Amino acid sequence: MINLVKKRLRRTMMFLNAQKPGLIKDPYIYRPDSIILDLEDAVAENQKDAARFSLYHALKEIDYRGCERVVRINGLDTPYWQEDIRCAVAGGCDAIRIPKVECPKDVHRVEEEILKAEKDFGMPEGMILIMAAIESARGVMKALDICEASDRLFGIALSGGDYTKDLQTRITGTGIELMGARQNLIIAARAAKVQCFDTVYTNLDDMEGFRRDVETIHLMGFDGKSIVNPRQIPIVHDIFTPSGKDIIFAEKVVREIEEKKEMGIGVFTVDGKMIDIAFYDGARRTIELAKASGVYKGDL
Ligand SMILES: CC(=O)SCCNC(=O)CCNC(=O)[C@H](O)C(C)(C)COP(=O)(O)OP(=O)(O)OC[C@H]1O[C@@H](n2cnc3c(N)ncnc32)[C@H](O)[C@@H]1OP(=O)(O)O
Ligand SMILES: O=C([O-])CC(=O)C(=O)O
Ligand SMILES: [Mg+2]
């Protein structure tokens, strides 16, 4: 079954501990595009059962008002992940985020467990999506195969904390240590036509550094970013939402290309910039992004 929400807008994917009532009760008020209810590293080892219980009831009882509900399960090398999937599916989550994915087989194992749970709980089959977090050198090297591992997979995400540990370096805030992985993941995701998300920025006192980080990944082509705090949302949305100037230019490009084609003209200028058919899809994408972000007022 083709799932139409695979390509939805995901500028911000906000992590929160699935066990904390104060966080899970109303995160939609901050308007992230997605929330990631975490059962993995934000939850202490002796609290895994309690977190799962809280997750199930939150999914069942809280109306998240259109905000996508992704559940980060525990790693496939732990005794928790199968039960995590059963609770997430029974609760009716939208997607599962698999941590520390190293190869397509990891995705297949999760896919099988989701299908089993969908059948057991009488849920429609194929609706729950998957995203794969890549957190190791091996995962980065296998990125394209991971992207192509399942029809349910809508995207991959870089997880910089664990990745830099594996690389025997550390998060510096400059992005230097993440350069190769970021480039590799975005290329793999685009080749497989799935989405790509950047890692969290954990220094909440450095909003300037955060803005620079978001600007960089936006220019690299990422679809959005994993975040840890609501204060990060306005910055990501500001950078990832087309500006009024971008929209007006995109509209001109689309209109002029369509008009000039009728006149038999292939290349021309718009606002002093050379334009030909190669610019059409990019301009259309800007307009689609503006529509999805709720800022488009035109008629294209
Ligand atoms: C490397 C990794 O694995 S990252 C993924 C795992 N990590 C996480 O899930 C952490 C998610 N983030 C958090 O738990 C918190 O933001 C912390 C612990 C980092 C900081 O907490 P605080 O210092 O309390 O944040 P802050 O003072 O900015 O909170 C302001 C408000 O936003 C709320 N808030 C903070 N973070 C979140 C969040 N992630 N989701 C929803 N609401 C949040 C707080 O509850 C608070 O609400 P209130 O004013 O109604 O009390
Ligand atoms: O996905 C993320 O960005 C958070 C994470 O697990 C990591 O950095 O290891
Ligand atoms: Mg991690």
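Computed from heavy atoms alone, side chains included, the values below leave out hydrogens, waters and symmetry copies. Each ligand, and each atom within it, is numbered from 1 in the order the structure gives. One is the number of the first residue; the rest follow in order along the sequence. The model shown is predicted, which means the values in this text are computed figures rather than measured ones.
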Check your understanding: Strictly under 2.8 Å, is any N, O or S atom of Asp162 next to the Mg ion (ligand 3)?
Key -> yes

Practice item. May I ask you to check whether Glu40 brings an N, O or S atom to under 2.8 Å from the Mg ion (ligand 3)? Key: no

Under 4.0 Å between a side-chain nitrogen and a carboxylate oxygen: does that hold for [X] and [Y]?
{"X": "Lys116", "Y": "Glu113", "answer": "yes"}
{"X": "Lys225", "Y": "Asp213", "answer": "yes"}
{"X": "Lys7", "Y": "Asp223", "answer": "no"}
{"X": "Lys252", "Y": "Glu256", "answer": "no"}
{"X": "Asp49", "Y": "Arg52", "answer": "yes"}

Check your understanding: N/O to N/O below 3.5 Å, does that happen between Glu40 and ligand 2?
Key -> no

Review point. Is the closest N or O pair between Val200 and ligand 2 shorter than 3.5 Å?
Key: yes

Check your understanding: Can you list the atoms of ligand 2 that are under 4.0 Å from a heavy atom of Leu158?
Key -> 3 (O)

Point to revise | Region of Arg97 engaging ligand 2 - heavy atom pairs below 4.0 Å | key: side chain

Review point. Can you tell me if CZ on Arg138 sees more than 12 non-hydrogen neighbours from other groups inside 6.0 Å?
Key: no

Practice item. Just give me the atom name: the N, O or S atom of Glu135 closest to the Mg ion (ligand 3). Key: OE1

Heavy atom of the protein closest to [atom] (residue, atom name, distance):
{"atom": "atom 8 (O) of ligand 2", "value": "Gly161 N, 2.7 Å"}
{"atom": "atom 2 (C) of ligand 2", "value": "Ser159 OG, 3.3 Å"}
{"atom": "atom 3 (O) of ligand 2", "value": "Thr199 OG1, 2.7 Å"}
{"atom": "atom 6 (O) of ligand 2", "value": "Arg72 NH1, 2.8 Å"}

Exercise for review: Hey, could you give me each pair passing salt bridge (charged side-chain N to carboxylate O under 4.0 Å, His left out) that has a residue in residues 290-300? Not counting sequence neighbours.
Suggested key: Arg255-Asp299, Glu288-Lys291

Exercise for review: Work out whether the distance between some heavy atom of Ala157 and some atom of ligand 2 is less than 4.0 Å.
Suggested key: no

Study note, to complete from the structure: Contacts for ligand 1, heavy atom under 4.0 Å, by chain and number, are Met14, Phe15, Leu16, Asn17, Leu23, Tyr30, Asp38, Ala42, Arg72, Leu204, Val228, Asn229, Pro230, Arg231

Check your understanding: Any side-chain heavy atom of Asp33 sitting closer than 4.5 Å to one from Thr12?
Key -> yes

Review point. Are Lys273 and Phe249 in a cation-pi setup, meaning NZ or CZ lies under 6.0 angstrom from the ring centre and within 45 degrees of the ring axis?
Key: yes

Check your understanding: Within 45 degrees of the axis of the six-membered ring of Phe15 and under 6.0 Å from its centre: does Arg97 put its NZ or CZ there?
Key -> no

**Study point:** Verdict with supporting geometry, Glu83 and Lys48, salt bridge (charged side-chain N to carboxylate O under 4.0 Å, His left out)
**Key:** CA-CA 10 Å; Glu83 196 54 26; Lys48 298 291 185 189; over 6 Å; no

Practice item. State whether a side-chain donor-acceptor pair under 3.5 Å links Glu177 with Thr164. Key: no

